[in-house]
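Scroll down for the structure; my scribbles are underneath it.
Just so we're on the same page: letters track the sequence lines, and every chain starts at 1. From a predicted model like this one, the values you see are computed outputs, not experimental measurements.
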Amino acid sequence: MYPLDEAKKEIVSLLNKILSKLDYDCKIKLEIPPESLGDFAFPCFSLAPIAKKSPNDISNEIAKKIEKGKWVEKIIANGPYVNFFINTEKLKNLTIKSILSNQNNYGNLKNKNKKALIEHTSANPNGPLHIGRARNPIIGDTIVRIFKAAGYDVESQFYLDDMGKQVAILAWGVNNLDPKDVPKSKYDKPDHKTVGYYQLASKLMDEDEKVSKEIGELVKRSEEGEKKAIDLVHKSYNPVLEGIKESLIRINISVDKYVPESNFVKDKSVDYVVEKLKKSKYCGKEKGAYYLDMKHFGIQGRNTNFFFIRKDGTTLYATRDIAYHLWKAKHADLLVNILGEDHKLESKQVEIALNLVKAKLIPKVIFYSFVSLPDGKMSTRRARVVYLDELIDECVKRAYDEVKKRRGKELTEKKMNDVAEVIGIGALRYNIIKVQPEKDIEFRWEEALNFEGNASPFIQYSHARACSILSKKQDEIKDFSTTFLNHNSEIDLIKKLARFPIVIDEACEGCKPHSIANYLFDVASQFNQFYRDCPVLPEKNIKTRIGRLALVDATRIVLQNGLDLLGIVAPEEM
RNA sequence: GGGCCUGUAGCCUAGCCUGGAUAGGGCGAUAGUCUCCUAAGCUAUAGAUCGGGGGUUCAAAUCCCCCCAGGUCCGCCA
């Protein structure tokens, strides 16, 4: 257990003891008071009706009668609050020791012995990722990292839609179009080189009934599980998928498993789903097609019928998705999906169906809103998009300009390029993850490329600063003492570092990746204040100097571990 | 027509689930700050009817209802 957890646990137990002695029965919820009023606070409002006294009297009573403990040093009633001050010496000492001894593992919670299966990205492999879709892998990968740190055994999966219309359009295009008619792409990557076929084929499909019919037939053949058709589609989208993977790797994302939708047709598990659903009392039939009437489950709208089988007997995307979820449930203790908000209804329908077929697990879903361009929605089909690759390149280019401006005389060209890559990618991931997923974002270049203030380079810079100090030190950090760290900037910084494990726990519990970003910004900010107030290397008193070096090292570790949770590299210099 | 999500200073955003102590930050603006460990930093000032209106409560940005604006969905598409 981490030091701050111990302290918190002690306070709760002391409060429990006194509350039961006074015969006040209530749940204990501790708050964090505004600065300098204490480390934890217990509000007494809810006790007022029980005790039949004013909250102020109650807090006074508790403060007077409560015992102190190993951690709790001072207890003061402040209006309706009981404020607890924990032993700062103990917290300073144990926190720094914990960080320095745990190193890369500091912050990680104890193993939960549970497997979490996290599905993210799952984009149609019909073209390169664009920045709207890019929110998905970045949120997903960050969630993967947070769950790992929180003690889960994690597997990430990309559900590969290899049966739908989108990939069929692509396959038709690749196999029927003359390459001369397809516009050249800006990027020499397989996904960019292939997307033109999709765009042109989409256009022809709208204009030419014959094309539309041929594509329709291809869809039907693969949905019936015809191997030749599935292989043809597979061969067409595979280069696109390779291109997508390449982009993902560049932003430090790799997915453990790619699961093709066709698996569930091939192994007949989707037939099992169909049989089960047909037996449901909510099942209806219309012109040979089957549906579930969702109005019994609180679904409202013009049409509440959820079709799971067409009149020609083939299954639909959502039907196969149910089979996929049943399969996932067999292999995990917890399911998490990252989906765009346009999938909300489908996801709800799948959830209801999963309950009807008595699935063991129902996924927890994180929905994110869309990234739009100032002049409207993105669309691969209409080629009105900003591709992820373009954004990456812009970010790296911009980062390079900044590095050159600041360090051009000191660093080699190679070094500057490496640093620029790390900073550019970091800025991109941070910018997307710092906002809670449900807010819609309008993409503007100026904002995406802003490297100041609450942005990744600020945090990376703080880390580099810490590394720079450590690289110049003459002393060993062994046998440090934290008793010399008494400046407010030092104490506040240590208290912030002590919170890291709690921040991870809360980010995992609430599926709130953005809270990690906000926390890191706080740590970096606090470190910069320490840097201003407390010179490390020039400090003459050797014990103070070594204590500060230990604090710098501890900060470096927290920043590095935290950035790693966001999939951002912590550079040693920049 | 209905469902779900969002609305916090000129711009972006945290806090909302689990109501509590002066609503935190950042950008931009203005004014300072490098003979001193990287100034991508630090300090100060200005800037908020928490979309609007009701309600519940000792207490509402937070919970409930209505309204307004934006997003998204309501396919035998995915």
Note to self: Donor-acceptor pair, distance only, cut-off 3.5 Å: does the side chain of A:Arg429 make one with the backbone of A:Leu566?
What the structure shows: yes
Notebook entry, point to check: How would you label the glycosidic angle of B:C34: syn (within 90° of 0) or anti?
Noted result: syn
Contact class for [X] (heavy atom, under 4.0 Å): base, sugar-phosphate, or nothing?
| X | value |
| --- | --- |
| A:Glu223 | sugar-phosphate |
| A:Val552 | nothing |
| A:Glu438 | sugar-phosphate |
| A:Phe45 | base |
| A:Glu446 | nothing |
| A:Ile299 | nothing |
| A:Ala41 | base |
| A:Pro55 | nothing |
| A:Gly301 | base |
| A:Met574 | base |
| A:Asn83 | base |
| A:Gln460 | nothing |
| A:His514 | sugar-phosphate |
| A:Ile423 | base |

Has [X] got a side-chain N or O lying under 4.0 Å from the OP1 or OP2 atom of [N]?
| X | N | value |
| --- | --- | --- |
| A:Lys344 | B:G71 | no |
| A:Gln166 | B:C77 | no |
| A:Tyr461 | B:A40 | yes |
| A:Gln436 | B:C16 | no |
| A:Ser468 | B:U38 | yes |
| A:Arg532 | B:A39 | no |
| A:Tyr317 | B:C76 | no |
| A:Lys439 | B:G7 | yes |
| A:Arg548 | B:C37 | no |

Between [N] and [M], how far is it from one [atom1] atom to the other, in whole Å?
| N | M | atom1 | value |
| --- | --- | --- | --- |
| B:U8 | B:G19 | P | 23 Å |
| B:A14 | B:G51 | P | 13 Å |
| B:G71 | B:G32 | C1' | 43 Å |
| B:C12 | B:A31 | P | 26 Å |
| B:C11 | B:A29 | P | 16 Å |
| B:G25 | B:C67 | P | 37 Å |
| B:G15 | B:G70 | P | 26 Å |
| B:C50 | B:A9 | P | 9 Å |

Which one, [options], comes nearest to the side chain of [X]?
| X | options | answer |
| --- | --- | --- |
| A:Gln529 | B:U18, B:C42, B:U38 | B:C42 |
| A:Val435 | B:C76, B:A40, B:A14 | B:A14 |
| A:Leu345 | B:C73, B:C77, B:C37 | B:C73 |
| A:Leu316 | B:A78, B:G41, B:G71 | B:A78 |
| A:Pro34 | B:U22, B:C37, B:C42 | B:U22 |

Quickly work out the [X] [atom1] to [N] [atom2] distance and round it to whole Å.
| X | N | atom1 | atom2 | value |
| --- | --- | --- | --- | --- |
| A:Lys165 | B:C76 | NZ | P | 13 Å |
| A:Lys473 | B:C37 | NZ | P | 19 Å |
| A:Arg444 | B:C11 | CZ | P | 10 Å |
| A:Glu452 | B:C42 | CD | C1' | 13 Å |
| A:Asn431 | B:U13 | CG | C1' | 12 Å |
| A:Asn303 | B:G1 | CG | P | 18 Å |
| A:Phe458 | B:A39 | CZ | P | 13 Å |
| A:Lys434 | B:G15 | NZ | P | 14 Å |

Kindly state whether the ring of [X] and the ring of [Y] have centres lying under 6.0 angstrom apart.
| X | Y | result |
| --- | --- | --- |
| A:Phe500 | A:Tyr519 | yes |
| A:Tyr291 | A:Phe308 | no |
| A:Tyr258 | A:Tyr159 | no |

Margin query: Ignoring hydrogens and geometry beyond distance, is the side chain of A:Asp522 in donor-acceptor contact with the base of B:A14 at under 3.5 Å?
Written below: no
Item checked: Side-chain-base donor-acceptor pair under 3.5 Å for A:Arg302 and B:G1 -> yes
Next item on the list: Could you say whether A:Phe370 or A:Cys44 is positioned toward the 5' end of RNA chain B, judged by the nucleotide with the nearest heavy atom to each?
Entry: A:Cys44
Notebook entry, point to check: Start at the 5' end of RNA chain B and walk down; is the nucleotide closest to A:Arg407 or to A:Asn78 reached first?
Noted result: A:Asn78
Complementary nucleotide of [N], counting Watson-Crick and G-U pairs under 3.5 Å:
| N | value |
| --- | --- |
| B:C77 | none |
| B:C4 | B:G71 |
| B:A44 | B:U30 |
| B:A9 | none |

Next item on the list: Consider only side-chain N and O atoms of A:Tyr430 and A:Asn454, and report whether a donor and an acceptor are under 3.5 Å apart.
Entry: yes
Note to self: Could you check whether A:Glu214 and A:Trp172, counting side-chain N and O atoms only, form a donor-acceptor pair closer than 3.5 Å?
What the structure shows: yes
Check: Hey, which of A:Val270, A:Asp161, A:Asp162, A:Leu160 is the one that makes side-chain contact (heavy atoms from CB on, under 4.5 Å) with A:Ser262?
Finding: A:Asp162
Check: Hey, is A:Lys397 close enough to A:Asp401 for a salt bridge, meaning N to O under 4.0 Å?
Finding: yes
Note to self: A quick test of your reading: do over 12 heavy atoms of other residues, nucleotides or ligands sit less than 6.0 Å from NZ of A:Lys348?
What the structure shows: no
Note to self: Are the side chains of A:Phe367 and A:Ile338 in contact, using a 4.5 Å heavy-atom criterion?
What the structure shows: no
